[in-house]
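Atoms considered below: every heavy atom in the structure, side chains included; atoms not considered: hydrogens, waters and symmetry mates. Counting starts at 1 for both ligands and their atoms, following the listed order. On a predicted model such as this, the values are computed, not experimentally measured, just so you know.
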Amino acid sequence: MLDVLVIGGGLAGLTAARTLTRAGRRVRVLEAGSEVGGRVRSRTVDSFTLDAGYQVLFPAYPAVKRQLDLAALDLVALPPAAAVRRGARVDVLGDPIRDPAGLFSTLTTRVLPLADKLRVAKLAAALRVPAPHSLLVGPDETTAAYLRRQGFSGAALDVFFRPFFGGIFLDRTLDTSARLFRYYFRMLMDGGAALPRAGMGSVSAQLAQGVDVSVSTRVTRVLPHGEHVTAVTTAGDIDARQVIVATDPNTAQALTGEPVSRGSVGSTYVYYAARDRLDPEVRLLLNARSGVINNAHWLSNAVPGRAPAGQHLLTVTVLGLPDLDDDALDARVRGELGGWYGGPAAQGLRPLLTERIRHAQYPQPPGYAATLPGHATALPGVLLAGEVTSMSGIQGALESGEKAAAIVLGDLHGMSRPRGA
Ligand SMILES: Cc1cc2nc3c(=O)[nH]c(=O)nc-3n(C[C@H](O)[C@H](O)[C@H](O)COP(=O)(O)OP(=O)(O)OC[C@H]3O[C@@H](n4cnc5c(N)ncnc54)[C@H](O)[C@@H]3O)c2cc1C
């Protein structure tokens, strides 16, 4: 009989399984999809490498440093700046997070009032001091309220914070927890953002090395019997001494009966191929105007191998799940890109794929952390992993897998590590 069955081959499940396998346990991962990775995958479409949505790796995440061989991922650091788009007008914003001083030299236009530039520098200086994980505790409020309390103008929120952190939290309202904002701000200061050259899917592939995974195997029920647990799956019943449920929170709730679900934040991505280089920009493009586009990135400018020779790849992030069919959404996005590059140039873009991700993250309003589930469930022998036990992101997923494995192994040090550390 297996020692541990892990349900779900996303980052959390793979981390738990790899940790337990390395500790000598007999472990198998059951993954419903046709490949591992969950929300962190890449695929090839028409010779373009597309990640699932637009997502980046923060190399400063403590769990990333523990779990991943970053050199083997061949990370491409993203430039520490963004290009703020207001129609045809583009202003380069020096990275106010990683390089507050650089803001003054690289800011060539009046994209942010001087007082806001000083406030960014002050914020960065304050957030650089504490241990990163301690930024996740203490009083909470919305990110917008926190930024206003720091004195930031409405213009600073609209031009930079909404599109930039809207792209991270997949919510432009800045209603997410200010604790999380402070933590992510610090992670960006400490290590910036990067992309594995071969795609974000190589993160998952690396975690899966040496792990026994059965793909295309969906678990429909989990039945504890005292000494062991039976997982009822689409490939028959499988017994194990312990089970770790590392699915998305909504499925985890259905399998365990625990009140795990927190709802879903969805987002939509439109990927375009271009024959002509419409924009030499390697930086993230932030849309400071209202519209369907929140941010966009010419990924092939940053990571040339993502597009076939002589072609270019643009990924556009649309927050939420707009009630538009693919053609209508393409027309809206193209219309806005026409405002950036001119109508004929935008018409020359070739849509590669429109992807709607129903559950990209779970909502994280102020105080959300106080209501998160732990790893225990009421089912004997059944533990919970997955980002829902921590925070909705790669750090949260990795550390949840580490912690579930630590519980199985009785590793007190691993069990007591604070969130975010
Ligand atoms: C578009 C997008 C952008 C993001 N951007 C960032 C970012 O920039 N930075 C960041 O840190 N985080 C980001 N995230 C969040 C991050 O990707 C997730 O927090 C993380 O991948 C969650 O991992 P997980 O293992 O907890 O869950 P998942 O990845 O959801 O894995 C769960 C797995 O369980 C499987 N499963 C479900 N039901 C069953 C079943 N019944 N039987 C067997 N298997 C099952 C699923 O197929 C899946 O593989 C983003 C996510 C998305 C989608």
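Some N or O of Gln55 is nearer than 3.5 Å to an N or O of ligand 1, by distance alone. Inclusion of Gly393 in the set of residues having an N or O under 3.5 Å from an N or O of ligand 1 is warranted. Residue Ile357 places no N or O, backbone or side chain, under 3.5 Å from any N or O of ligand 1. Polar contact with ligand 1: absent for Tyr184 (N/O pair, distance under 3.5 Å). Polar contact with ligand 1: present for Arg39 (N/O pair, distance under 3.5 Å). In terms of polar-atom proximity, Ala12 is counted as a contact of ligand 1, with an N or O under 3.5 Å from an N or O of the ligand. Taking distance alone, with nitrogen or oxygen atoms compared against 3.5 Å, Ala397 stays at or beyond that limit from ligand 1. An N or O contact shorter than 3.5 Å is missing between Ile7 and ligand 1 by distance. When only interatomic distances are considered, the shortest N/O to N/O separation between Tyr61 and ligand 1 falls below 3.5 Å. Distances between N or O atoms of Gly13 and those of ligand 1 include no value under 3.5 Å.
Near Ala360, with a cut-off below 4.0 Å to any heavy atom, the atoms of ligand 1 are 51 (C), 52 (C), 53 (C). Shown in contact with Val40 at under 4.0 Å from a heavy atom are these atoms of ligand 1, numbered in order with element: 17 (O), 21 (O). The ligand atoms of ligand 1 that sit less than 4.0 angstrom from a heavy atom of Leu30 are 43 (C), 44 (N). Ligand 1 places these atoms under 4.0 Å from at least one heavy atom of Val56: 7 (C), 8 (O), 9 (N). Atoms of ligand 1 found under 4.0 Å from any heavy atom of Tyr54, numbered from 1 in the order shown, are 3 (C).
Using bins of under 30°, 30° to 60° and over 60° for the plane-to-plane angle, the ring pair Phe165/Phe161 lands in the parallel bin. Between Trp298 and His312, the ring-plane angle classifies as perpendicular under the 30° and 60° cut-offs.
Under 4.0 Å from ligand 1, the heavy atoms of Ala246 that appear belong solely to its backbone. Counting heavy atoms under 4.0 Å from ligand 1, residue Val36 does not touch it at all.
Here the protein heavy atom with the shortest distance to atom 18 (C) of ligand 1 is Glu387 OE1, 3.7 Å. The protein heavy-atom contact nearest to atom 39 (C) of ligand 1 is Thr247 CG2, 3.6 Å.
Listed by chain and residue number, His133, Ala421 satisfy the side chain to side chain contact (heavy atoms under 4.5 Å, CB included) test with Pro418 (two or more places apart in sequence, or in another chain). Applying the side-chain hydrogen bond (donor to acceptor under 3.5 Å, both in side chains) criterion to Arg39, with sequence neighbours excluded, gives Glu387.
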side-chain hydrogen bond (donor to acceptor under 3.5 Å, both in side chains) between Thr142 and Asp175, worked out: CA-CA 5 Å; Thr142 66; Asp175 283 343; 4.8 Å; no
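Salt bridge present: Glu35 and Arg41 bring a charged side-chain N and a carboxylate O closer than 4.0 Å. Checked for salt-bridge contact, Arg241 and Glu227 miss the test: no charged N lies under 4.0 Å from a carboxylate O. Ion pair Lys122/Asp116 not flagged as a salt bridge, since none of the NZ, NE, NH1 or NH2 atoms sits closer than 4.0 Å to an Asp/Glu carboxylate oxygen. Between Arg356 and Asp326, at least one side-chain N (NZ, or NE/NH1/NH2) sits under 4.0 Å from a carboxylate O, which counts as a salt bridge. Comment: Arg197 engages Asp74 in a salt bridge, judged by a side-chain N to carboxylate O separation of less than 4.0 angstrom.
Counting heavy atoms of neighbouring residues, nucleotides and ligands inside a 6.0 Å radius, atom NE2 of His225 exceeds 12 of them.
Between Ile168 and ligand 1 there is no heavy-atom distance shorter than 4.0 Å. Judged by the shortest distance from any of its heavy atoms, Thr217 lies inside the 4.0 Å radius around the atoms of ligand 1.
Figure legend: Arg350 and Tyr272 shown without cation-pi pairing, the cationic atom not lying both under 6.0 angstrom from the six-membered ring centre and within 45 degrees of its axis.
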